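A quick write-up on the structure given underneath.
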Amino acid sequence: MNLNKTVTAKTFQKMKEHNEKITMLTAYDYSTAKYIDECGVDSILVGDSLGMTILGYTDTINVTMEDMITFTKAVSRGVSHAMVIADLPFLSYQISKEQTILNAGRLIQSGANAVKLEGASSFILDEISHLVSSGINVVGHLGFTPQYINTIGGYFVQGKSYENTLKLLESAKKLEDSGVFSIVLEMVPEESAKYISENIKVPTIGIGAGKYCDGQVLVIDDVLGKFAGNIPKFAKQYTNLREIMTQAINSYNNEVKNNVFPSSQHCFNLTEEEMKKLESAIVK
Ligand code: KIV
């Protein structure tokens, strides 16, 4: 692990070629991004999952460009090593090429090193080529694509049959030809993800896609056990921040109510001289 080196799209490619796993976690704020970066995680995704984890929506549909810009700026201020990737939110890249490039440009100017978008329709493939030829690195996203929740109809595993696995591979190849430097595969059977990963040149980053992807991504709130909503089957919770936070908040609440906090170590005091003057002052 070389923390002096900045991770780039080329680093991703080299890691795939050398069979070195790529790590990615989401982050939405400065401190968390800083800790992730200091641990040597290769990339940080400012995911539109912030719609659920930070903003309390039930899905990603209501996340705006303004939301993404605010959190991308916060994250990028905390990062010096990892690659920062920011999600283009719902409807920010579906209207026209001009709007897509402006929106992607705003995320890059907010500190992202790359943008991620979902799907592989011919319209989107065209947009990816346009972004890449304008100097913007792009990550694709296939399998379960949360911004399509209403047309998919629920949180379903994608590519569950031989035919659908081949369709996913075809989309992955098209994304690759359009210029993406990596592809997120979400909620895809492990065998299908393996097959896709072995048959494309760019690295795949799996979430709920098994261990054969070239890298893995998880939502930080799931990893830390902080999210108040449901934790998906594919996420591994490494600690229980919700419990730790609840304990600390309860302690604070009780200590204030029982006059325990603040104690002398948390207070500022007048000098004795000033105190005497104050005591002898006549209140008018
Ligand atoms: O928004 C997000 O966090 C994502 C990951 C689930 C890959 O897109």
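When a ligand or atom number is given, it counts from 1 through the structure's own listing order. Positions are given from 1, in the same order as the sequence printed here. From a predicted model like this one, the values you see are computed outputs, not experimental measurements.
The aromatic rings of F12 and F181 sit perpendicular, their planes meeting at an angle over 60°, well past the 30° parallel limit.
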One line per pair, note the atom names and distance for all nitrogen or oxygen contacts under 3.5 Å between ligand 1 and the protein.
unit_1   : atom_1 : unit_2 : atom_2 : d
ligand 1 : 1 (O)  : D48    : N      : 3.1
ligand 1 : 1 (O)  : D48    : OD1    : 3.1
ligand 1 : 1 (O)  : S49    : N      : 3.0
ligand 1 : 1 (O)  : S49    : OG     : 3.3
ligand 1 : 1 (O)  : D87    : OD2    : 3.1
ligand 1 : 3 (O)  : S49    : OG     : 2.5
ligand 1 : 8 (O)  : K116   : NZ     : 2.9

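Listed by chain and residue number, nothing satisfies the side-chain hydrogen bond (donor to acceptor under 3.5 Å, both in side chains) test with S134 (two or more places apart in sequence, or in another chain).
For residues 49-60, the side-chain hydrogen bond (donor to acceptor under 3.5 Å, both in side chains) pairs, not counting sequence neighbours, are Y28-S49. Applying the side-chain hydrogen bond (donor to acceptor under 3.5 Å, both in side chains) rule to pairs touching residues 135-145 yields K116-H141, H141-E186, sequence neighbours excluded.
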**Q.** side chain to side chain donor-acceptor pair (under 3.5 Å) assessment of D37 paired with S80
**A.** CA-CA 7 Å; D37 192 51; S80 53; 3.3 Å; yes
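Inspection of the D67 and T70 side chains reveals no N or O donor paired with an N or O acceptor under 3.5 Å.
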